[in-house]
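Values reported hereafter were calculated over all heavy atoms of this structure, with side chains retained and with hydrogens, waters and symmetry mates removed. Counting starts at 1 for both ligands and their atoms, following the listed order.
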Amino acid sequence: MGSGSSRAPNSPTPHPPSGPGAADGAAAAPGAAVATHCPYCALQCGTRLHPGAGPEEPLRVEPDAGFPVNRGGLCQKGWTAPAVLRAPDRLRTPLVRGRDGLLAPAGWDTALDAVAARLAEIRAAHGPDAVAVFGGGGLTNEKAYLLGKFARVALGTRMIDYNGRFCMSSAAAAGIAAFGLDRGLPFPVTDLGEADTVLLAGANPAETMPPLMRHLNKAGALVVVDPRRTATAERAALHLAPAPGTDLALALGLLHIAVTEGLVDEEYVRARTAGFDAAWRHAAGWWPERVELVTGVPADAQREAVRLLSGARRAYVLTGRGAEQHSKGTDTVAAFVNVALALGLPGRPGSGYGCLTGQGNGQGGREHGQKADQLPGYRHLTDPAARAHVAEVWGVAPESLPGPGLSAAELLDALGTAGGPRALLVFGSNPVVSAPDAARVQRRLAELDLLVVADFVPSETATMADVVLPVTQWAEEEGTLTNLEGRVLRRHRALSPPEGVRDDLAVLRELAVRLGEPPDRFPADPRRVFDELRRASRGGPADYSGISYARLDAGEALHWPCPEAPDGAAPHPGTPRLFLDRFAHEDGRARFQDVDHREPADARDDRFPLWATTGRQLQHYQSGAQTRRVPELVRAAPEATVELHPDTAARAGLAEGELARVRSARGAVLARVRLVATLRTDTVFLPFHFPGHGRANLLTGTALDPRSRMPEFKVSAVRVEPVEVLETAVPEPAVRSAAG
Ligand SMILES: Nc1nc2c(c(=O)[nH]1)N[C@H]1C(S)=C(S)[C@@H](COP(=O)(O)OP(=O)(O)OC[C@H]3O[C@@H](n4cnc5c(=O)[nH]c(N)nc54)[C@H](O)[C@@H]3O)O[C@H]1N2
Ligand SMILES: Nc1nc2c(c(=O)[nH]1)N[C@H]1C(S)=C(S)[C@@H](COP(=O)(O)OP(=O)(O)OC[C@H]3O[C@@H](n4cnc5c(=O)[nH]c(N)nc54)[C@H](O)[C@@H]3O)O[C@H]1N2
Ligand code: SF4
Ligand SMILES: [Mo]
């Protein structure tokens with residue numbers, strides 16, 4: 001991997017000097033490199049794509065040395081991303097399920113007419129909420145915005161949510177409660193390199209955001225909180241390995257130590273916060289030895305963590321999915337934020353709290369209205385002023401906008417049930433693999449009258465659909481994404497899409513027009529959609545009104561909020577660092593939150609004596625729909641695995657490389673045993689990137705966080721057992737039959 005080796009020695013080129021023709025949406029001149037960004041995670045590493053002179057020539061991607069987030073680095077997924085553009089099974093024509101139950105190629109008009117007609121029928125028979133929409137945090141800002149508008153205006157449904165609910169929603173809820181605003185990192189990534197101490201709670205960036213490690217390696221001490229000794233933990237000055245689901249107790253304990261050892265920044269707490277006393281009431285009961293009993297983290301290690309943070313001139317507390325994906329994820333993040341507040345970190349230059357947002361547009365995707373309770377600009381759907389503003393931009397009556405609907409897991413679980421949605425449109429997610437209790441989700445999808453999936457590969461969800469719509473990929477389209485530090489970035493078109501493929505914006509427009517919307521209301525040109533998004537976001541918490549394609553193409557680094565400047569005034573420079581003077585609550589103060597520890601939804605017993613936790617490995621991205629189509633990545637990580645301590649494996653009668661069955665109260669997974677001597681003996685780990693019987697989500701449950709509605713991906717009670725080879729030939733779970 002090119003860790004910096006490909007950095008041009010003395011040419012920090014501005015990013016992005018748009019490729020030829022890029023700005024007007026035409027494909028670049030043959031062979032010319034185009035500046036764009038990696039299609040995968042929220043780091044949004046800057047890249048240059050060399051399209052090659054013809055369709056037979058290899059596509060080559062290289063890191064952009066001038067982009068500060070990755071500075072010439074890329075991970076293995078980024079280097080190999082072009083392979084998905086030419087995946088042999090790439091979708092190139094719409095597919096419609098026929099009377100014989102099989103998906104068959106169809107023309108665009110046939111497919112779109114059929115979808116629109118079925119949607120209209122279902123709506124007429126069962127009301128607008130019978131049609132649901134499921135979006136994704138990988139969609140550009142323009143797509144996420146238009147998808148939300150499509151649901152609220154063209155369909156008139158309350159039922160829209162997206163996979164970000166499964167991602168950073170607990171951190172978002174805790175951040176809004178604490179600071180009055182949710183921007184994953186309220187400071188640029190590069191600030192992290194100046195830190196003396198960084199505490200990472202439940203994040204493994206050495207595998208999930210490798211170029212971020214360049215910044216973290218420059219920092220002083222890393223403190224890693226993870227039940228596993230991950231590649232990130234290997235680089236830490238201190239590794240705390242709590243049992244899965246016990247971070248809340250640990251964070252309460254850290255606050256306890258800060259208070260009892262006199263390390264609280266009292267001046268800061270007095271001047272900039274509220275609610276300390278209520279938070280302390282609970283933390284007072286979490287002395288280090290009690291925390292050790294619950295978490296397994298030695299009392300001395302807890303004290304050392306607090307000393308490393310409080311003794312630092314500049315320090316950060318960061319959370320990842322390991323702390324957040326719990327039925328108490330919001331309270332867990334709140335407890336870590338409480339620690340950061342007690343030590344006076346948030347809103348101080350060179351210090352702070354942040355959440356490492358995950359998906360390519362995980363930040364922008366949560367701001368522009370594909371969320372159940374939200375309107376563009378991170379506005380709230382129940383706020384009358386927000387409804388009036390957005391309705392005016394959309395040219396509809398505020399009363400016509402539906403209210404909030406169900407959250408992602410609840411929405412999926414309602415599909416096809418009495419009174420639940422009868423049709424679902426999926427844009428940018430593969431819930432058959434990635435949703436909790438996946439077998440149940442699969443059964444619900446099979447109950448629908450109509451499932452429509454827009455994708456560029458036949459994902460596990462697409463292969464269940466009645467209609468599949470083939471769409472463009474990153475290198476074939478224009479748009480914007482907002483990375484984990486709230487910086488808005490341009491995606492540039494470098495290639496013409498294959499014939500027969502349309503982009504998501506065009507698909508939404510075509511469907512809206514067929515549902516009777518005026519064509520002007522659903523522009524398909526990304527620049528026009530972005531200009532409308534700017535107006536819709538104006539005055540909201542995530543204000544993009546001062547951002548334009550022209551400013552971004554000129555290489556400006558614009559972090560929201562970036563309001564439009566009054567006539568004649570200099571353009572707003574954007575806001576790389578938030579909260580330096582005040583937090584976003586009306587009184588300017590941050591809030592300590594009053595939280596206490598509680599147990600996970602599952603309990604261990606004789607039948608299920610182990611904790612299973614789930615997450616990621618370096619080579620694969622999410623449900624694997626994309627990376628399982630890259631030969632180099634598949635060779636390195638071909639199949640589902642389960643990490644076990646050698647003693648745990650021995651007790652179960654399993655050895656390295658054997659096939660294990662991991663079973664929870666929901667279902668069972670087949671996975672290859674990997675022995676990991678540094679793992680806790682009460683914990684096993686499965687990546688969730690694999691399909692079929694290898695799906696980690698056959699184990700997970702639908703217990704939800706009461707505030708964020710986040711499922712409990714990170715703790716399930718399981719047992720592990722050997723599998724006789726013959727037994728593995730069980731049939732795959734049911735697929736859909738003919739269209740209804
Ligand atoms: N290679 C790769 N990179 C990715 C992605 C990918 O799929 N693959 N996806 C992107 C996305 S969308 C996201 S959200 C990010 C996620 O990035 P991360 O948050 O870094 O990823 P995870 O592996 O889900 O979880 C991080 C760690 O949490 C630990 N963990 C499990 N349970 C607990 C617990 O109870 N407490 C604590 N403290 N830790 C626990 C796991 O052992 C794991 O090492 O990655 C992004 N980058
Ligand atoms: N057990 C367990 N489950 C988890 C997690 C975990 O840690 N453990 N993590 C959760 C998290 S953090 C996340 S973010 C989710 C992610 O899980 P998913 O939502 O399934 O994410 P992806 O696999 O990225 O699926 C995106 C799909 O949309 C397609 N796609 C990509 N870009 C576009 C586009 O622009 N338009 C359209 N129409 N399609 C597109 C891709 O080809 C792919 O099929 O998984 C969650 N599930
Ligand atoms: S770290 Fe993320 S954005 Fe960067 S190359 Fe890897 S997957 Fe792409
Ligand atoms: Mo995510």
At under 4.0 Å between heavy atoms, what of Leu618 touches ligand 1? The answer is backbone
Applying a 4.0 Å heavy-atom criterion (strictly less than), which segment of Val225 is in contact with ligand 1: side chain, backbone, both, or neither?
both
Lys77/Glu632 salt bridge by N-O under 4.0 Å criterion
no
Distance filter under 4.0 Å to Asp504 heavy atoms, resulting ligand 2 atoms
34 (C), 35 (O), 36 (N), 37 (C), 38 (N)
Using the rule side-chain contact (heavy atoms from CB on, under 4.5 Å), only one of Asn163, Leu425, Leu415, Ile160 pairs with Phe134; which is it?
Asn163
Is there a side chain to side chain contact (heavy atoms under 4.5 Å, CB included) between Gln619 and His689 once you walk through the steps?
CA-CA 10 Å; Gln619 293 85 0; His689 312 298; over 6 Å; no
With a 3.5 Å cut-off and no angle check, do the side chains of Ser407 and Asp161 form a donor-acceptor pair?
no
To the nearest 0.5 Å, tell me how far Thr357 OG1 sits from Arg183 CZ.
10.5 Å
Let me confirm one number: the CG-OG1 distance from Leu644 to Thr681, rounded to the nearest 0.5 Å.
11.0 Å
Ligand-side contact atoms (ligand 2) for residue partner Ser459, heavy atom cut-off under 4.0 Å:
44 (O)
Does any N/O atom on Lys714 come nearer than 3.5 Å to any N/O atom on ligand 1?
yes
Any nitrogen or oxygen of Gly322, side chain or backbone, less than 3.5 Å from one on ligand 1?
yes
Out of Thr140, Asp455, Leu91, Asn430, who gets a non-hydrogen atom closest to atom 44 (O) of ligand 2?
Asp455
Only heavy atoms of Asn163, strictly under 4.0 Å: list the atoms of ligand 2 that pass.
18 (P), 19 (O), 21 (O)
On the ring face of Phe685, is Arg228 found with NZ or CZ under 6.0 Å from the centre and within 45° of the axis?
yes
Do Thr480 and Asn141 have side-chain N/O donor and acceptor atoms under 3.5 Å apart?
yes
Could you establish whether His326 and ligand 1 come within less than 4.0 Å of each other, counting only heavy atoms on the residue side?
yes
Side chains of Gln363 and Glu367: is there a donor and an acceptor less than 3.5 Å apart?
yes
With heavy atoms under 4.0 Å as the rule, classify the contact between Phe456 and ligand 2 as side chain, backbone, both or neither.
side chain
Provide the number and element of each atom of ligand 2 under 4.0 Å from a heavy atom of Leu139.
34 (C), 35 (O), 36 (N)
For Phe336 and Tyr353, I'd like to know if the aromatic rings sit close, meaning centre-to-centre distance below 6.0 Å.
no
So the atoms of ligand 1 within less than 4.0 Å of a heavy atom of Gln359 turn out to be 12 (S)
At less than 4.0 angstrom from any non-hydrogen atom of Thr208, what atoms of ligand 1 do you find?
3 (N), 4 (C), 17 (O), 18 (P), 20 (O), 21 (O), 45 (O), 46 (C), 47 (N)
No-hydrogen, no-angle side-chain donor-acceptor test under 3.5 Å, Ser708 and Ser170
yes
Considering the heavy atoms of Cys167, write down every atom of ligand 2 situated less than 4.0 Å from one of them.
12 (S), 14 (S)
Please write down residue, atom name and distance for the protein heavy atom closest to atom 46 (C) of ligand 2.
Ser434 O, 3.6 Å
Taking both backbone and side-chain atoms of Gly245, is any N or O found less than 3.5 Å from an N or O belonging to ligand 1?
yes
If I take atom NZ from residue Lys714 and atom OG1 from residue Thr614, how far apart are they, to the nearest 0.5 angstrom?
4.5 Å
In terms of residue, atom name and distance, what is the protein heavy atom nearest to atom 19 (O) of ligand 1?
Arg321 N, 2.9 Å
Could Lys371 and Tyr162 be counted as a cation-pi pair, given that NZ or CZ must be under 6.0 Å from the ring centre and within 45° of the axis?
no
Heavy-atom proximity to atom 39 (N) of ligand 2 ranks first, among Gly624, Gly428, Gly360, for Gly428
For ligand 1, the portion of Thr613 having any non-hydrogen atom under 4.0 Å away:
side chain
Could you tell me whether His689 approaches ligand 1 through its side chain, its backbone, both or neither, with non-hydrogen atoms closer than 4.0 Å?
side chain
Write out the residue and atom name of the closest protein heavy atom to atom 12 (S) of ligand 2, then the distance separating them to 0.1 Å.
Arg616 NH2, 3.0 Å
Nearest 0.5 Å, please: how far is CG in Asp503 from CD in Glu476?
10.0 Å
Classify the angle between the aromatic ring planes of Tyr40 and Tyr621 as parallel (below 30°), tilted (30 to 60°) or perpendicular (above 60°).
tilted
Under 4.0 Å between heavy atoms, the region of Glu207 that gets near ligand 1 turns out to be backbone
Which of the atoms in ligand 1, numbered in the order shown and given with their element, are less than 4.0 Å from a heavy-atom of Gly358?
10 (C), 11 (C), 12 (S), 13 (C), 14 (S), 15 (C), 46 (C)
Quick note on ligand 2: atoms under 4.0 Å from a heavy atom of Val471 include exactly 37 (C), 38 (N)
Non-hydrogen atom of Gln473 closer than 4.0 Å to ligand 2:
no
Pairwise distance NZ(Lys328) to CG(Leu704) - rounded to 0.5 angstrom:
14.0 Å
If you count the atoms of ligand 2 from 1 in the order shown, which ones are under 4.0 Å from a heavy atom of Ala454?
37 (C), 38 (N), 39 (N)
Does ligand 2 have a heavy atom under 4.0 Å from the side chain of Thr461, from its backbone, from both, or from neither?
neither
Does any N or O of ligand 1 fall below 3.5 Å from an N or O anywhere on Thr230, backbone included?
no
Sub-4.0 Å heavy-atom contact, Gln617 with ligand 1
yes
Has ligand 1 got any nitrogen or oxygen that is less than 3.5 angstrom from a nitrogen or oxygen of Thr614?
no
Before signing off on this row, confirm whether Asp247 and ligand 1 have an N or O atom pair separated by under 3.5 Å.
yes
Ligand 2 atoms nearer than 4.0 angstrom to some heavy atom of Val457 are 42 (O)
Apply side chain to side chain contact (heavy atoms under 4.5 Å, CB included) to residues Val433 and Asn697 and explain how you reach the verdict.
CA-CA 7 Å; Val433 175; Asn697 279 316; 5.7 Å; no
List the steps, then state whether side chain to side chain contact (heavy atoms under 4.5 Å, CB included) holds for Asp525 with Val529.
CA-CA 6 Å; Asp525 170 20; Val529 177; 6.0 Å; no
Below 4.0 Å from ligand 2: does a non-hydrogen atom of Val433 turn up there or not?
no
With a 4.0 Å cut-off on heavy atoms, is Met168 touching ligand 2?
no
Compute the shortest N/O to N/O distance between Gln619 and ligand 1 and return yes if it is under 3.5 Å, no if not.
no
Show your working on side-chain hydrogen bond (donor to acceptor under 3.5 Å, both in side chains) between Asp602 and Ser716 and close with a plain yes or no.
CA-CA 6 Å; Asp602 270 11; Ser716 308; 4.6 Å; no
Tell me whether the centres of the aromatic rings in Phe690 and His620 are closer together than 6.0 Å.
yes
Report the part of Ala625 (side chain from C-beta onward, or backbone N, CA, C, O) that has a heavy atom under 4.0 Å from ligand 2; answer both or neither where that applies.
side chain
